[in-house]
Amino acid sequence: MKQIKSKPVSVKQKASKDKSKTQDALHFGNGGELHQTAGGSHPPLTTNQGLPLADNQNSLKATPRGPTLLEDFILREKITHFDHERIPERIVHARGTGVHGYFELTHSLERYTRARILTELGVKTPLFARFSTVAGGSGSSDTPRDVRGFAVKFYTKEGNWDLVGNNIPVFFIQDAIKFPDLIHAVKMEPDRGFPQAATAHDTFWDYMSLTPEAMHMVMWIMSDRTIPRSLRMMEGFGIHSFRLLNDDGESTFVKFHWRPKLGLQSTVWDEAVKIAGADPDFHRRDMFESIAAGNFPEWEFAVQLFTQEQADQFPFDHLDPTKLIPEEWAPLQVIGRMVLDRWPDNFFAETEQVAFCPSHVVPGIDFSNDPLLQGRLFSYLDTQLSRLGSPNFHQLPINAPKCPFANQQRDGQMQMQVPKGRVSYDPSSLAADSARETPRSGFVSAAVNDHGDKEQNKGRLRPASFADHYSQARQFYSSQTQFEQTHIASALAFELSKVDTLHVRAAMVGHLRHIDADLAQRVADALALEKLPPAPPSAVPVQNFKPSPALRTIGKMKPSLDGRTVAILVADGSDGATITSIAQAVRAAGATVKIVAPKVGGAKLADGTLLSADGQLSGTPSVMFDAVALVLSREGAETLSQDAAAVDFVRDAYGHLKAIAFDRGAEALLDQAHVQKGAGVVKTSAKAAFLTAAKTRQWEREKTLRMLA
């Protein structure tokens with residue numbers, strides 16, 4: 001195997017690898033989960049055929065870190081049943097927004113792979129990207145606290161490549177056999193049918209409290225990452241380790257990353273809640289309007305490359321999907337860009353019918369033994385068969401490759417092609433134009449030696465290298481700014497306050513003690529727990545990794561107004577020159593301007609001209625914008641001071657830490673909203689100060705406005 005030029009990763013806290021040679025893996029009781037119940041007897045857990053299960057937490061593998069075996073009928077039955085629970089809406093990721101675009105490679109990976117999409121510079125490969133929430137149905141809102149799906153279908157010269165990921169680089173569980181239980185727990189509770197698109201309920205947190213491996217993901221979902229300002233301002237991750245194969249058959253591990261050109265930005269929780277009421281389609285509309293205006297969203301495409309030798313130095317197992325590789329240990333290499341430039345012609349035909357499958361790869365890209373990935377390779381295809389009703393779903397225009405494709409698969413529902421001739425099998429000698437294998441250029445799997453004994457009750461093992469559930473959760477929390485840490489603590493307090501079962505609340509706080517003592521105490525105090533619950537046993541000692549600034553959100557915001565929107569609130573009598581001056585400055589800084597008035601028809605300015613409005617005040621609250629300017633006559637401001645919508649417009653902008661510009665006439669409205677002049681609240685004449693403040697949020701203001709954990 002060729003060595004990668006980057007220096008080997010050196011980490012002081014290295015996981016111990018000198019355990020007893022007879023113990024290749026640890027078999028924690030059902031994968032290390034804590035079995036706490038409210039009492040009572042429990043019937044045996046069985047398959048649908050009545051077969052009692054000894055282990056419902058780990059899929060069957062050739063070796064502890066080896067590939068998942070097709071013979072695992074328990075895994076197949078469980079996931080097959082789960083995949084077919086809903087027709088036709090997606091069980092997860094139902095609420096989605098799809099956009100066409102292209103991918104352009106800027107740096108070749110020819111040394112590591114023969115995949116043409118990763119080796120041919122300057123080629124613009126068409127693609128379709130779909131962004132989605134996970135928990136809610138297709139009719140839910142865009143802005144709940146939730147993981148966002150980030151899936152991209154590349155229509156390459158060698159076939160379709162689907163990179164199916166999220167805006168979070170890790171996941172809740174380590175093994176695909178647990179996925180149905182995770183989603184059952186997060187979905188609406190089956191006896192009452194609510195809550196919709198929310199994790200703040202008993203079944204979700206009960207499952208989390210019994211699943212220590214999820215603690216790293218818990219930190220991510222309680223962070224600002226899960227309430228993004230825009231789909232255009234999210235990172236994307238392939239999550240799993242994949243393999244790249246070069247012409248010599250040499251294999252290199254790779255993790256895929258998307259980084260938004262606009263930088264990261266999130267909402268604050270109160271703002272996200274209000275946006276859901278004001279505009280449930282906020283993210284979808286934002287994407288549509290951006291593309292319609294020619295402001296095409298763009299992401300850098302980056303990779304982390306590492307060898308097996310480097311992976312052996314990590315103090316965790318890179319095959320564990322609850323772990324990430326910090327950028328400080330394996331730097332990101334930017335190799336290309338994605339540009340989204342065309343909205344679908346038909347939402348159903350494209351966004352709803354697009355079918356992503358992680359198993360769709362091209363020659364030069366292969367899979368790792370990540371047990372969650374191994375299950376996804378089966379599950380996604382099975383799900384598409386249920387949703388789209390036929391194994392011919394690949395013939396739908398949105399799913400069809402843009403390169404020639406041919407095989408001996410025939411018939412079935414929705415067959416839209418007309419295969420000719422008598423040959424429908426391979427090999428054959430009766431047709432000169434029959435499709436044939438191409439050993440030299442076709443897909444081949446990495447030559448990996450997986451060996452070990454699969455004896456009775458020894459195939460369903462969680463490898464010992466997967467045992468550390470808290471160290472990266474601790475690293476993530478310690479990497480956040482003080483504001484983000486407060487947001488995490490407050491999010492946990494809010495979510496757990498919706499949990500009726502006291503022992504579940506206490507169990508979660510116990511887990512937090514392994515992550516950060518102050519965090520656990522803050523959440524315990526916010527829940528009014530009489531005493532700090534005990535921490536559950538940890539399978540291995542929790543390590544202290546150096547904080548990684550790359551894990552922050554606030555620190556990755558770009559000091560720019562590109563892609564942002566500023567509202568100017570006007571009314572009858574407003575000064576046209578001030579409006580023009582502010583609008584020109586905002587547009588010159590790269591932002592979009594929207595005029596908001598009490599009436600949708602607009603407002604008569606002081607000079608008698610009619611200024612049309614982009615939105616009516618009562619239906620266009622300040623939560624829709626990144627900053628606001630108030631340009632009002634004294635009479636107009638006094639009139640609006642009696643309007644709750646106008647007062648809320650100003651009060652919410654202030655409460656959501658946004659920049660506010662005001663002219664002399666607007667002061668009456670500021671006073672009515674109890675907004676204090678100061679940082680981020682400036683006169684319209686101070687345009688430079690307003691534009692600077694509008695590029696970020698006034699985080700110091702937050703602690704004076706609301707009680708946080």
Side-chain angles (χ1 to χ4, degrees), residues 30-31 33 44-62 64-94 132 134-135 137 147 149 151 162 164-166 170-188 190 203-204 207 210-211 213-214 217 238-240 242 319-322 355-361 367-391 393-394 454 459-462 466:
N30 283 328
E33 278 56 28
L45 186 66
T46 73
T47 67
N48 288 334
Q49 307 305 315
L51 177 70
L53 300 182
D55 188 340
N56 189 44
Q57 307 297 322
N58 301 288
S59 55
L60 189 64
K61 307 174 193 62
R65 296 182 70 249
T68 301
L69 299 178
L70 184 62
E71 72 178 77
D72 190 351
F73 63 95
I74 297 172
L75 169 70
R76 286 188 285 110
E77 178 192 274
K78 187 175 181 181
I79 289 187
T80 298
H81 190 281
F82 173 74
D83 290 343
H84 293 257
E85 285 181 359
R86 304 284 192 278
I87 308 173
E89 182 178 288
R90 290 172 171 88
I91 299 177
V92 289
H93 297 279
S132 56
V134 174
V147 181
D162 292 353
V164 193
N166 288 329
V170 295
F171 203 63
F172 293 95
I173 52 175
Q174 295 175 327
D175 196 300
I177 201 171
K178 299 165 68 66
F179 190 70
D181 298 305
L182 167 67
I183 301 304
H184 284 168
V186 75
K187 279 288 190 176
M188 298 179 292
T203 58
F204 176 78
Y207 186 79
L210 298 171
T211 311
E213 67 201 64
M217 186 67 168
I239 303 174
H240 312 284
F242 289 84
L319 297 181
D320 178 353
T322 69
F356 295 96
C357 296
S359 55
H360 294 169
V361 293
F367 315 110
S368 72
N369 288 342
D370 178 333
L372 180 62
L373 174 60
Q374 291 279 313
R376 292 179 73 200
L377 299 179
F378 165 78
S379 181
Y380 277 66
L381 176 59
D382 185 50
T383 298
Q384 306 307 346
L385 296 177
S386 175
R387 283 198 65 249
L388 299 175
S390 165
F393 69 84
H394 64 282
K454 181 177 69 67
R460 296 187 183 276
L461 293 172
R462 197 71 58 88
F466 280 34

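Numbering starts at 1 and runs along the sequence shown.
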Test log, rule side-chain contact (heavy atoms from CB on, under 4.5 Å), inputs Ile74 and Leu53: CA-CA 9 Å; Ile74 297 172; Leu53 300 182; 3.5 Å; yes
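- The shortest heavy-atom contact between Arg65 and Leu319 is NH2-CD1, 3.3 Å.
- Between Glu71 and Arg76, no side-chain nitrogen of the basic residue sits less than 4.0 Å from a carboxylate oxygen of the acidic one, so the salt-bridge criterion is not met.
- Between His93 and Ser132, the shortest heavy-atom contact is ND1-OG, 2.8 Å.
- Within the 4.5 Å cutoff, no side-chain heavy atoms of Leu69 are placed close to those of Lys61.
- Scanning both residues, Pro180 and Ala176, for their nearest heavy atoms gives CD-O, 3.8 Å.
- Applying the side chain to side chain donor-acceptor pair (under 3.5 Å) rule to Tyr380 yields the partners Arg376; only residues at least two apart in sequence or on another chain are considered.
- In this structure, Phe378 and Leu70 have side chains that are not in contact, with every pair of non-hydrogen atoms separated by 4.5 Å or more.
- Between Lys78 and Ile177 there is a side-chain heavy-atom pair separated by less than 4.5 Å.
- Ser368 and Asp370 share no side-chain donor-acceptor pair at under 3.5 Å.
- A salt bridge links Arg460 and Asp72; the closest N-O separation between the charged side-chain nitrogens and carboxylate oxygens is under 4.0 Å.
- Between Val134 and Lys187, the closest heavy-atom pair is O-NZ, 4.4 Å.
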Worked check of side-chain contact (heavy atoms from CB on, under 4.5 Å) between Leu381 and Phe393: CA-CA 10 Å; Leu381 176 59; Phe393 69 84; 3.7 Å; yes
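- Between Phe82 and His184, the ring centre distance stays below 6.0 Å.
- With 3.5 Å as the limit, one finds no donor-acceptor pair spanning the side chains of Arg462 and Gln57.
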Test log, rule side-chain contact (heavy atoms from CB on, under 4.5 Å), inputs Tyr207 and Asp181: CA-CA 8 Å; Tyr207 186 79; Asp181 298 305; 3.8 Å; yes
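- Contact between Val92 and Ile183 at its shortest, heavy atoms only, is CG1-CG2, 3.4 Å.
- Using a 3.5 Å distance cut-off with no hydrogens or angles, the side chains of Ser59 and Asp175 do pair a donor with an acceptor.
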Test log, rule side-chain contact (heavy atoms from CB on, under 4.5 Å), inputs Phe367 and Leu377: CA-CA 9 Å; Phe367 315 110; Leu377 299 179; 3.6 Å; yes
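- Looking only at side-chain heavy atoms (C-beta outward), Val164 and Ile239 stay at 4.5 Å or farther from each other.
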